[in-house]
Amino acid sequence: RKLPSATKKHIKSEGLERTIVSSDIGGHVQYHSMWLRDMIKRKVTTVVIVVDHRHLIDSENLANQTALGYLVRALSTKTIPKGLTLRQRLRAKKYAPKRIILLANKADEWLDEDGYDLWDKGFIARHNIFDVFRKDLFRLQEMDIPVYMDAMSARYSWNVQESLYKGLMI
């Protein structure tokens, strides 16, 4: 499998603008080792994980949890993926991103009035969509990796650029 090439994107929030370089790799299990290899090779400082509300609809659906769980496990155990040069393997032993941004997409489908009130007051991290990730979030906290959580709706372009920009500022 070959990784997609990285692309540049401009994000704006409250009159401020920033350029980010990103690579979109799917959340399927077969791509997990590619994530880690790509992060180490490109010296990624910010990891953006986009989840949706599948786990709220179907408790058997663990796709969102396994993706974040793999990343947290790999970072905590200092897993070194295959396909790295000697220099990259040495860098992998010390690698950790500066921040992780966890975005809950499709807010137009799952965000109700109570959830909107939480979001409006800045407490979206208390919403039950993030409950299944708490264990992994605590492990990231133990590793001193800050996590920014927010809601967005890519379909309606609601809070997309703002949430990315705020996440980059932590």
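- Trp35 and Tyr70 have perpendicular rings, their planes meeting at more than 60° on a 0 to 90° scale where under 30° would count as parallel.
- Although no hydrogens or angles enter the test, the distance criterion places a donor-acceptor pair under 3.5 Å between the side chain of Arg89 and the main chain of Leu84.
- Taking the side chain as every heavy atom from C-beta outward, Leu137 and Leu102 approach each other to under 4.5 Å.
- Using a 4.5 Å heavy-atom threshold, the side chains of Thr79 and Arg73 count as separate.
- In summary, the side chains of Asp114 and Tyr116 do not present any donor paired with an acceptor at a separation below 3.5 Å, with no hydrogens or angles considered.
- Side chains of Val47 and Pro97 form a contact here, defined as non-hydrogen atoms less than 4.5 Å apart.
- Without hydrogens or angle criteria, Tyr95 side chain to Val44 main chain gives a donor-acceptor distance under 3.5 Å.
- Residues Leu118 and Val132 are members of separate hydrophobic clusters, defined by side-chain heavy-atom contacts under 4.5 angstrom among Ile, Leu, Val, Met, Phe, Trp and Tyr.
- Using a 4.5 Å cut-off between side-chain heavy atoms of Ile, Leu, Val, Met, Phe, Trp and Tyr, with links allowed through other members, Tyr156 and Leu111 fall into different hydrophobic clusters.
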> Does the side chain to side chain contact (heavy atoms under 4.5 Å, CB included) test come out yes or no for Lys43 and Arg91, once each step is laid out?
Replying inline: CA-CA 9 Å; Lys43 303 175 190 168; Arg91 188 183 315 135; 3.4 Å; yes
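- Of the possible polar contacts, none joining the Asn105 side chain to the Ala151 backbone as a donor-acceptor pair under 3.5 Å is found.
- Once rounded to the nearest 0.5 Å, the distance linking CD1 of Ile124 with OG of Ser163 reads 11.0 Å.
- In Arg134, the CZ atom is crowded: over 12 heavy atoms of neighbouring residues, nucleotides or ligands sit closer than 6.0 Å.
- To the nearest 0.5 Å, atoms CG (Leu103) and CG (Asn159) are separated by 8.5 Å.
- Other residues, nucleotides and ligands contribute over 12 non-hydrogen atoms within 6.0 Å of the NZ atom of Lys78.
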>> Apply salt bridge (charged side-chain N to carboxylate O under 4.0 Å, His left out) to residues Lys166 and Asp150 and explain how you reach the verdict.
In response: CA-CA 9 Å; Lys166 288 176 188 173; Asp150 209 342; 5.1 Å; no
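- Every pair passing ring pair (Phe, Tyr, Trp, His ring centres under 6.0 Å) that includes a residue from residues 122-143 is listed here, sequence neighbours excluded: His55-Phe133, Trp110-His127.
- In terms of heavy-atom proximity, Ile40 sits nearest to Ala92 at CD1-CB, 3.5 Å.
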> Would Ile49 and Ile101 count as a side chain to side chain contact (heavy atoms under 4.5 Å, CB included) if you check the C-alpha gap in whole Å, the side-chain angles of each, and the deciding distance to 0.1 Å?
Replying inline: CA-CA 6 Å; Ile49 299 173; Ile101 303 173; over 6 Å; no
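- Between Arg37 and Lys82, the shortest heavy-atom contact is NH1-O, 2.9 Å.
- How far OG of Ser153 is from CG of Asp52: 11.5 Å, rounded to the nearest 0.5 Å.
- How far CG of Leu168 is from NZ of Lys98: 11.5 Å, rounded to the nearest 0.5 Å.
- In this structure, the separation between CD on Gln161 and CG on Leu164 is 8.0 Å, given to the nearest 0.5 Å.
- The closest donor-acceptor contact from the side chain of Arg99 to the backbone of Ile145 lies at 3.5 Å or more, if one exists at all.
- Put simply, the side chain of Val51 does not reach to within 4.5 Å of the side chain of Leu68, judged on heavy atoms.
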>> Quick one, Val48 with Val50, criterion side chain to side chain contact (heavy atoms under 4.5 Å, CB included). Give me CA distance, side-chain angles, the key distance, then yes/no.
In response: CA-CA 6 Å; Val48 179; Val50 181; 4.2 Å; yes
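- Remark: Met152 CE to Asp108 CG distance equals 10.5 Å, nearest 0.5 Å.
- The shortest heavy-atom contact between Gln88 and Gly83 is OE1-O, 4.5 Å.
- Under a hydrophobic clustering in which Ile, Leu, Val, Met, Phe, Trp and Tyr are joined whenever their side-chain heavy atoms come within less than 4.5 Å, directly or via other members, Met169 and Val160 fall into the same cluster.
- Checking side-chain atoms of Asn128 against main-chain N and O of Asp131 turns up no donor-acceptor pair under 3.5 Å.
- Side-chain contact check for Met143 versus Leu75: some heavy-atom pair is nearer than 4.5 Å.
- Proximity of Lys106 to Arg155: side-chain heavy atoms (C-beta onward) are nowhere separated by under 4.5 Å.
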